[in-house]
Amino acid sequence: MQTKTILVVEDNLLNMELVVAILELNSYRVLKAEDAEAGIQIAREYKPDLILMDIQLPGMDGFTATRLIKADPDIGAIPVVALTAYAMKQDEEDARQAGCVGYISKPFQFSTFLESIKGYFLENGSVGH
Ligand code: MN
């Protein structure tokens, strides 16, 4: 199986370390950004297979960043999954309206987090936009 690259945009360093550790242990290649602007730049440069986007970020928030990514023809097809501390229905709707394919709420449970990631690849894996 070909190695998938996941961009993680997360300003909380503990969360970042946790997510990176889980993903790398499961053979994903991981790119990191601590704010939305850096995340968009890295997405344009490296075109990851999936983006995990924290919503609460310093400066530009994750929903705005997702809208910009979705509006960019070069990277708009990359699935974006929102990461948010709020397990609220409204957040899920906002995430979808911003163009996210889904939503993972923090704090993560390792097993369900990984299952979610695999699920997004199954949904999007062979679809060439
Ligand atoms: Mn945050």
Side-chain angles (χ1 to χ4, degrees):
M1 197 173 94
Q2 150 192 16
T3 303
K4 301 284 191 186
T5 300
I6 300 179
L7 167 61
V8 183
V9 186
E10 167 66 82
D11 65 311
N12 180 296
L13 295 183
L14 275 178
N15 274 335
M16 174 68 93
E17 281 181 25
L18 182 62
V19 170
V20 170
I22 296 171
L23 294 176
E24 287 185 345
L25 276 171
N26 287 274
S27 302
Y28 293 104
R29 183 183 300 128
V30 182
L31 303 171
K32 297 180 274 187
E34 290 173 21
D35 61 43
E37 290 83 351
I40 292 169
Q41 194 176 345
I42 290 168
R44 287 184 176 136
E45 192 168 347
Y46 294 97
K47 306 209 170 40
D49 299 295
L50 184 76
I51 299 172
L52 299 181
M53 179 70 75
D54 184 26
I55 296 312
Q56 292 186 298
L57 291 165
M60 186 191 301
D61 68 87
F63 290 142
T64 305
T66 300
R67 287 194 188 91
L68 289 177
I69 289 167
K70 291 290 127 183
D72 183 328
D74 277 347
I75 54 175
I78 300 171
V80 180
V81 176
L83 301 179
T84 174
Y86 300 110
M88 291 170 63
K89 187 72 186 164
Q90 185 60 43
D91 266 13
E92 185 169 3
E93 287 169 12
D94 288 347
R96 290 192 189 281
Q97 280 188 5
C100 296
V101 294
Y103 165 102
I104 296 175
S105 54
K106 298 184 280 189
F108 312 117
Q109 291 189 316
F110 290 15
S111 56
T112 52
F113 175 79
L114 262 185
E115 287 309 306
S116 298
I117 299 296
K118 287 177 190 162
Y120 291 120
F121 279 123
L122 289 179
E123 281 172 34
N124 296 281
S126 59
V127 181
H129 292 274

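Whatever order the structure lists ligands and atoms in, that order sets their numbers, starting from 1.
- Hydrophobic clustering (side-chain heavy atoms under 4.5 Å, transitive across Ile, Leu, Val, Met, Phe, Trp, Tyr) groups Met53 together with Leu7.
- Across Tyr28, Tyr120, Phe108, a single residue satisfies ring pair (Phe, Tyr, Trp, His ring centres under 6.0 Å) together with Phe113, and that is Phe108.
- Here salt bridge (Lys or Arg N to Asp or Glu O under 4.0 Å) pairs that include residues 48-76, with residues two or more places apart or in two chains, are Arg44-Asp72, Asp54-Lys106.
- Using a 4.0 Å cut-off between charged nitrogen and carboxylate oxygen, Arg96 and Glu93 do not count as a salt-bridge pair.
- In this structure, CD in Glu115 is found 11.0 Å from CD1 in Ile104, a value given to the nearest 0.5 Å.
- Other residues, nucleotides and ligands contribute over 12 non-hydrogen atoms within 6.0 Å of the CD atom of Glu24.
- Counting only protein atoms, the N, O or S atoms lying less than 2.8 Å from the Mn ion (ligand 1) are Asp11 OD1, Asp54 OD2, Gln56 O, ordered by chain and residue number.
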